[in-house]
Q: 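Can you keep this structure in mind? I'll have questions shortly.
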Amino acid sequence: QVQLVESGGGLVQAGDSLRLSCAASGRTSRGVAMGWFRQAAGKERELVASISWSGGSTNYGDSVKGRFTISRDNAKNTAYLEMNSLKAEDTAVYYCAATAALYIGVPIIRVDAYKYWGQGTQVTVSS
């Protein structure tokens, strides 16, 4: 089992920046791929960004490319999502996810491929 706890959400204005953190605990000795997803009211959960176990490969949703950056610190069992130039349409509940990595260098992008989920953190961007 892997437990995930997100932090860093809040209310910001359009154009501001915010950094989310996801602390993992439990059976993290075995490599896990991690990702950030978001779900806006009335919409399906969508990929924001994912990162391989090694941290060397990343993947981003089209709407956040160039504005968001995912990273991880395996020594701290923590993943981060740096969000810049926030827009009102970025408003959503952001979820951290993790799953056992088959390959250390491959990020996982499918929402149904993730086994473990955090409780979510609200990000609200006012225009």
Side-chain angles (χ1 to χ4, degrees):
Q1 292 290 329
V2 175
Q3 293 78 42
L4 303 172
V5 178
E6 303 103 333
S7 62
L11 172 64
V12 297
Q13 293 185 336
D16 285 351
S17 298
L18 205 60
R19 188 174 85 155
L20 305 182
S21 298
C22 174
S25 60
R27 298 187 64 179
T28 58
S29 59
R30 182 177 180 179
V32 293
M34 299 186 76
W36 287 96
F37 293 79
R38 68 186 182 187
Q39 188 166 17
K43 296 186 177 180
E44 293 186 353
R45 193 168 298 190
E46 64 175 359
L47 171 73
V48 177
S50 61
I51 188 166
S52 62
W53 173 33
S54 68
S57 296
T58 58
N59 189 285
Y60 294 91
D62 289 340
S63 62
V64 306
K65 287 179 180 177
R67 298 188 298 124
F68 291 11
T69 302
I70 188 172
S71 61
R72 64 188 298 166
D73 183 338
N74 286 345
K76 297 181 178 179
N77 291 326
T78 301
Y80 304 96
L81 183 69
E82 186 74 35
M83 304 185 292
N84 297 317
S85 302
L86 283 162
K87 304 175 181 180
E89 49 264 44
D90 293 319
T91 295
V93 178
Y94 284 70
Y95 296 92
C96 176
T99 196
L102 296 178
Y103 306 100
I104 64 172
V106 179
I108 298 174
I109 63 174
R110 290 184 52 166
V111 61
D112 59 359
Y114 284 87
K115 183 175 181 180
Y116 305 104
W117 292 85
Q119 80 286 355
T121 185
Q122 177 71 45
V123 172
T124 302
V125 184
S126 63
S127 57

Q: If two hydrophobic side chains count as joined below 4.5 Å and joins carry through other members, does Val106 share a cluster with Leu47?
A: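 No, it is not one cluster - the side chains of Val106 and Leu47 are not joined through contacts under 4.5 Å.
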Q: Do Met34 and Leu4 come close enough that some side-chain heavy atom pair is under 4.5 Å?
A: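 Met34 reaches Leu4 side chain to side chain.
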Q: For Thr124, what residues pass the side-chain contact (heavy atoms from CB on, under 4.5 Å) criterion, not counting sequence neighbours?
A: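 Counting only residues at least two positions away or on another chain, Thr124 forms a side-chain contact (heavy atoms from CB on, under 4.5 Å) with Leu11, Thr91, Gln122.
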Q: Report all side-chain donor-acceptor pairs from residues 15-26 shorter than 3.5 Å, counting only partners two or more places apart or in another chain.
A:
unit_1: Asp16; atom_1: OD2; unit_2: Gln13; atom_2: N; d: 3.1
unit_1: Ser17; atom_1: OG; unit_2: Asn84; atom_2: OD1; d: 2.8

Q: Taking salt bridge (Lys or Arg N to Asp or Glu O under 4.0 Å) as the cut-off, I'd like each qualifying pair that reaches into residues 43-60, sequence neighbours left out, listed once.
A: Arg38-Glu46
Q: Name all residues meeting the side-chain hydrogen bond (donor to acceptor under 3.5 Å, both in side chains) criterion together with Asp73; count only those two or more places apart in sequence or in a different chain, and write none if there are none.
A: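 If we apply the side-chain hydrogen bond (donor to acceptor under 3.5 Å, both in side chains) test to Asp73, skipping adjacent residues, there are no hits.
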Q: Please name the pair of heavy atoms, one in Ser127 and one in Ala88, separated by the smallest distance, quoted to 0.1 Å.
A: CB-CB, 4.1 Å
Q: I want to check something: taking the side chain as every heavy atom from C-beta on, are Asp90 and Met83 in contact at a cut-off of under 4.5 Å?
A: no
Q: The criterion is ring-ring contact (aromatic ring centres under 6.0 Å, His included); which residues satisfy it with Tyr95, sequence neighbours excluded?
A: none
Q: Return the set of residues passing side-chain hydrogen bond (donor to acceptor under 3.5 Å, both in side chains) with Ser54 (not counting sequence neighbours), or none when no residue passes.
A: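 By the side-chain hydrogen bond (donor to acceptor under 3.5 Å, both in side chains) rule, Ser54 matches Ser52.
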Q: Could you tell me the separation between the CH2 atom of Trp36 and the OG atom of Ser50, rounded to the nearest 0.5 Å?
A: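 If we round to the nearest 0.5 Å, Trp36:CH2 and Ser50:OG are 13.0 Å apart.
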Q: List the atom of Gly120, the atom of Val93, and the distance in Å for their closest heavy-atom pair.
A: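 Looking at all heavy atoms of both residues, the closest pair is CA-CG1, 3.9 Å.
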Q: Could you pull out all residues at least two apart from Ala113 that satisfy side-chain contact (heavy atoms from CB on, under 4.5 Å)?
A: Ile108, Arg110
Q: Enumerate the residue pairs fulfilling salt bridge (Lys or Arg N to Asp or Glu O under 4.0 Å) with a member in residues 1-13, sequence neighbours excluded, ordered by first and then second residue.
A: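 Every candidate salt bridge (Lys or Arg N to Asp or Glu O under 4.0 Å) pair involving residues 1-13 fails, so no pair, neighbours aside, qualifies.
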Q: Linking I/L/V/M/F/W/Y whenever any side-chain heavy atoms sit under 4.5 Å apart, do Val12 and Val48 land together?
A: yes
Q: Rounded at 0.5 Å granularity, tell me how far OG in Ser126 sits from CG in Leu86.
A: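 It comes to 10.5 Å.
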Q: Does Ser71 have any side-chain contact (heavy atoms from CB on, under 4.5 Å) partners at least two apart in sequence or in another chain, and if so, which?
A: Tyr80
Q: With disulfide (SG to SG under 2.5 Å) as the rule and sequence neighbours excluded, what pairs involving residues 46-95 come up?
A: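 The answer is none; no pair qualifies.
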Q: Ring pair (Phe, Tyr, Trp, His ring centres under 6.0 Å): which pairs involve residues 106-127, sequence neighbours left out?
A: Phe37-Tyr114, Phe37-Trp117
Q: Using a strict threshold of under 4.0 Å (side-chain N to carboxylate O), is an ion pair present between Lys65 and Asp62?
A: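 So Asp62 pairs with Lys65 through a salt bridge.
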Q: Please report the shortest heavy-atom distance between Ala92 and Ala40, naming the atom on each side.
A: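 For Ala92 and Ala40, the tightest heavy-atom pair comes out as CB-N, 3.8 Å.
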Q: Side chain of Arg72, backbone of Gly55: donor and acceptor closer than 3.5 Å?
A: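 Checking the backbone N and O of Gly55 against the side chain of Arg72, no donor-acceptor pair under 3.5 Å is found.
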Q: Tell me, which pairs form a disulfide (SG to SG under 2.5 Å) where one or both residues lie in residues 97-127, sequence neighbours left out?
A: none
